[in-house]
Amino acid sequence: MDWGQLWEITSKPDNIPIVAMLFLVPFFTWYGIRQARANDQLIAQLETDPQMAKTHHRKVQPWRPGWVKEVHTWPFLLRIEFLAAVIVTVLLMVWSITLNAPLEEPANPNLTMNPSKAPWYFLGLQEMLVYFDPWIAGVLMPGLIIVGLMAIPYMDTNPLGSGYYTWRQRRFAISAFCFGFIVLWVSMIIIGTFIRGPGWVWFWPGQTWDHNVQVFDLNRDLHEFFGITSMLGKLIFGAVVVGLYYVAAGWFVHKLLTWNEFNRKVYERMSLIQYLTLQFFLTTTLALPVKMLLRLLFTIKYVWVTPWFNV
Amino acid sequence: MEPEKKDGKSNVGLIDRMREQVPVLKEKVKEEVEGLKDPEKTQLYKSIFRVKHDDTPRNRSLGVLSNVFLHLHPAKVNRDAVKFNYTWGMGGITFYLFIVLTFTGILLMFYFHPSKVQAFRDILYLEHDVPFGKLLRNMHRWAAHLMVITVELHMFRVFLTGSYKRPREFNWVVGVLLLVLTLLLSFTGYLLPDDQLGFWAVTVGTNMARATPGLGHEGPFGAQLGMTPYNDVRFGLLGGSIVDANALLRSYIWHCIGIPIVAGIFMGVHFWRVRKDGGISGPAPVMLESEIKPIKKI
Amino acid sequence: MDTVDKVQNPAVEVDEKGKPVAEQAPKPPASKVAASAAKPTARAGTSTTQSGGQAEKKGEAASATEPVSKMRRRIVWTCIWGYLAANFLMFLRFFLPRSIFEPSTTFRVGYPQDYALGVDTKFQQQFRIWVIRNAERLFVVYARCTHLGCTPDWKPSEQKFKCPCHGSGYDGEAINFEGPAPRPMDRAHVELDAEGQIVVDINRLYKQEKGARSQFDDDGAFLRV
């Protein structure tokens, strides 16, 4: 267990943001869950007691009749904003005084460093380059992520949970988002920072980063398992595989969407376009870990080979 | 004053008159000093501050509504929205960091020449020969990283509180655009020191651009559409086929002028929509499943 | 009608730091109910005119139970203003770098015997100087018009320097005689190095100002030939 190596990685100034993320993301997730739980308790109470539901002010925050529901921006909001600005400034100042921004040797087109890593917020995409071709990992996936994020409000037909934290009332949406954000995006950044070493080789935490380690990556394409060699054969085979995947993944997503009574109610509110769009984005999102596993466990590089592109 | 001088008499009269004026003047001076004791009543003050600042509810509202910097805010907010635990303050912190970055960035621009010959040396110069240059550069870099973190946390919070639902869908879209712009700002800034770190990050990034389907010369269907290294989208981004002086200059202009202006416009829209959509979304009263209204079929 | 509030604060009103506020939170009179759920709760009917509300820094204490808040407030504001003042000073200092990169101000222009009598414009393009030699002296004139800083032209046919900007005229020894120039053109420091070459330093200039002692006869303002 090479603690020195671990410390070297975590203390590198450019990695400090990710180390901060390691604390901030779980903290805020917990913070949100905490409030969600309080709200859910209130909801449970209100659901069992219709009389209470009629008269309650419906929030976990205290309120009594006679209390106004709004307070002046000045001073109440502005002073807490000011406090936030002060705290952020102090944090930034301390950080800037203690840690120096990196500056490596002057740009040299003839010499690439090892490992050559993108800025941390793009490490997730760089990790994807292991499993997908550049045009997918660098253009298609980011594009789909952006469009997919934008489409969220238009695919979400669940009217509950608007303006308050809740888990019970938005299980599907929150799980899906957390899967995409925390499991895929954030953990890929963590992999890119702490796990990927020289040569983009996989090093477990505590392993020394060896620049001379030999890694034999036998890459096989899926169609080789079936002995297909003709160009047309590969084309058709791959299309079939991808098609089958989408069918299987689509069935799985549909099962989730109709899992319980509540989900079914929401599902019934969806129009066809909403349903298909949601299916497309969720199944494509799931394709990423599926492909990753195929590569990591079975060293399969491509599932679909065509003369123009490979997936 | 008498035009003629008669021996010494007119002079004496003059001195007498002056002596008479002294107490009058003294009174005047005393009056004016008294007046200055309350600066809020002076013309100077009233011309600058149009609104009274004594603490009445009306003035509390006016202080916000009629202030050019503050009138982004409503006069009043939900009493529970003031607490940190609902919004985490991440949107406001992100905006504050943007301002910090603009300010530190402008200062850094005084010592940066976006040319291959000078860029790297200018960073060294900033760190060693410019007073507080090192601090400024560090602040700029770390504020940028912090801003990416806070923007992602902001997105996370908005999602968890369902604050993208009707009527705030479009504001979420604008927010996603701002997220992309934030990442692009970070990316373009990365290249500017012209060191190995920035150079290779941009090389890898723009090499992905050459793999764009249709628009890149190495992407699917690119060759068929006549894309070469000298006219594809990567060429357009770099101003050339290699990451060189043109790329540096373009990065500089995107980073300092192009993207900030676009981001500023979208931020304006984003804040405007927050107000127009009803202000901060919560904490809102909880809704029960039994209260869901059926969707109106158009 | 209690709230389910195990994790949030209990019924006591709190300020943003979580500390219980002794007085009632200031409530503006009869505000409209915000866009909240359709619950027919009692409207905020009673209005309490706040008396000064939260204390302003002008001095009214927040409440009688917290006499120290004035001091705390002052400390915080002092820190903030102090921080801003320090930042402002740093901002000013930032504009004065500790080193600069500019061309050298000393250079060599050959040997005294290289120069004939009169005005030599050989180094005007390179160093912005003229070398002038008369019967007894050799001196170097800095080619900057003393009016507003343009570079005059040497007119050999008229044996005078004429500035194209506003017409200042100087004679063959760069002494002004016509036009708006207030004084003769400055002369640069000259000396001979070990080999006998003329070393010019345009950072050290000798002036002849009206009403002041002429520096043209000082050591270093000319070479005896």
Side-chain angles (χ1 to χ4, degrees), chain A residues 17 21 24 28 32 35 39 42-43 46-47 53 58-59 61 69-74 76-77 80-81 84-85 88 92 95-96 100-108 112-113 116 118-119 121 134-135 138-139 146 149-150 152-154 156 159-165 170 177 181 269 308-309, chain B residues 60 63-64 73-80 82 85 89 92-93 96 120 123 135 137-139 141-143 145 148-149 153 159-162 164-165 169 172-173 176 180 183 186 190 193-197 199-201 204 208 211-213 219-221 281-288 292 295:
Chain A
M21 286 264 268
L24 289 173
F28 280 107
Q35 292 178 77
N39 283 329
L42 175 63
I43 292 170
L46 292 176
E47 278 176 344
R58 297 282 185 109
K59 294 194 203 180
Q61 289 84 1
K69 297 210 169 170
E70 289 186 318
V71 293
H72 272 113
T73 306
W74 169 264
F76 297 102
L77 181 64
I80 199 174
E81 287 186 351
V88 168
L92 193 61
W95 191 357
S96 304
N100 286 325
L103 185 68
E104 304 195 354
E105 298 93 44
N108 184 352
T112 315
M113 306 112 45
S116 184
Y121 35 86
W135 68 275
V139 180
I146 293 168
L149 279 174
M150 287 189 190
I152 288 177
Y154 301 98
D156 188 350
L160 298 174
S162 178
Y164 54 93
Y165 293 91
R170 292 179 63 211
F177 189 83
F181 179 59
R269 292 161 68 89
W308 314 285
F309 60 83
Chain B
R60 282 188 172 187
V64 167
H73 294 91
K76 290 199 190 151
V77 289
N78 184 337
R79 74 182 296 123
D80 300 312
V82 167
N85 54 16
I93 291 176
Y96 176 65
F120 185 78
I123 306 293
L135 177 69
R137 179 179 181 237
N138 286 349
M139 273 182 77
R141 187 103 174 193
W142 302 136
H145 285 209
V148 175
I149 294 179
L153 286 175
F159 189 90
L160 286 183
T161 56
Y164 58 84
K165 296 187 196 245
E169 304 100 322
W172 170 268
V173 172
V176 173
V180 173
L183 293 175
S186 270
Y190 218 64
D194 199 29
D195 66 342
Q196 285 282 63
L197 198 61
F199 179 82
W200 290 106
V204 170
M208 294 209 264
T212 310
F221 309 112
S281 60
V286 299
M287 195 162 123
L288 299 181
I292 300 178
I295 288 190

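So that the names make sense, note that chain A is the first sequence line, chain B the second, and so on, each numbered from 1.
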Between [atom1] of [X] and [atom2] of [Y], what distance do you get to the nearest 0.5 Å?
X	Y	atom1	atom2	answer
A:W74	B:H73	CH2	NE2	11.5 Å
B:M287	A:I43	CE	CD1	10.5 Å
B:L160	A:Q35	CG	CD	9.5 Å
A:Y121	B:Y190	OH	OH	6.0 Å
B:N78	A:Q61	CG	CD	8.0 Å
B:D195	A:E105	CG	CD	8.5 Å

For [X], is it the side chain, the backbone, both or neither that has a heavy atom under 4.5 Å from a heavy atom of chain A?
X	value
B:I93	side chain
B:V64	side chain
B:A75	backbone
B:F159	both
B:L183	both
B:W172	side chain
B:V180	side chain
B:Y164	both

Pick from [options] with the largest number of heavy-atom pairs that fall under 4.5 Å of chain B:
options	answer
A:N39, A:L24, A:L77, A:L92	A:L92
A:P134, A:G32, A:P159	A:P159
A:D156, A:I146, A:L46	A:D156
A:W308, A:F181, A:Y165	A:Y165
A:T73, A:V88, A:L149, A:V139	A:T73

Between [X] and chain B, with a heavy-atom cut-off of 4.5 Å, which part of the residue counts as in contact: side chain, backbone, both or neither?
X	result
A:E81	side chain
A:Y164	both
A:F28	both

Using atom types as modelled and distance alone, determine if a side-chain donor or acceptor of [X] lies under 3.5 Å from a backbone N or O of [Y].
X	Y	answer
B:Q196	A:N108	yes
B:K165	A:G163	no
A:R58	B:V286	yes

Can you give me the closest heavy-atom contact between [X] and [Y], atom names plus distance?
X	Y	result
B:L288	A:A53	CD1-CB, 4.1 Å
A:P17	B:H145	CG-ND1, 3.0 Å
B:G162	A:R170	N-NH1, 3.1 Å
A:P102	B:L197	CG-CD2, 3.9 Å
A:P119	B:A201	CD-CB, 3.9 Å

**Asked** So does A:W95 have more than 12 non-hydrogen atoms from other groups sitting under 6.0 Å from CH2?
**Response** yes
Find the one option among [options] whose heavy-atom pairs under 4.5 Å with chain A are most numerous.
options	result
B:W200, B:W142, B:F221, B:F199	B:W142
B:S281, B:G92, B:P193	B:S281
B:I123, B:D194, B:V204	B:D194
B:V173, B:V77, B:V176	B:V77

TODO: Might you work through the side-chain contact (heavy atoms from CB on, under 4.5 Å) test for A:N100 and B:R137, ending with a clear yes or no?
DONE: CA-CA 9 Å; A:N100 286 325; B:R137 179 179 181 237; over 6 Å; no
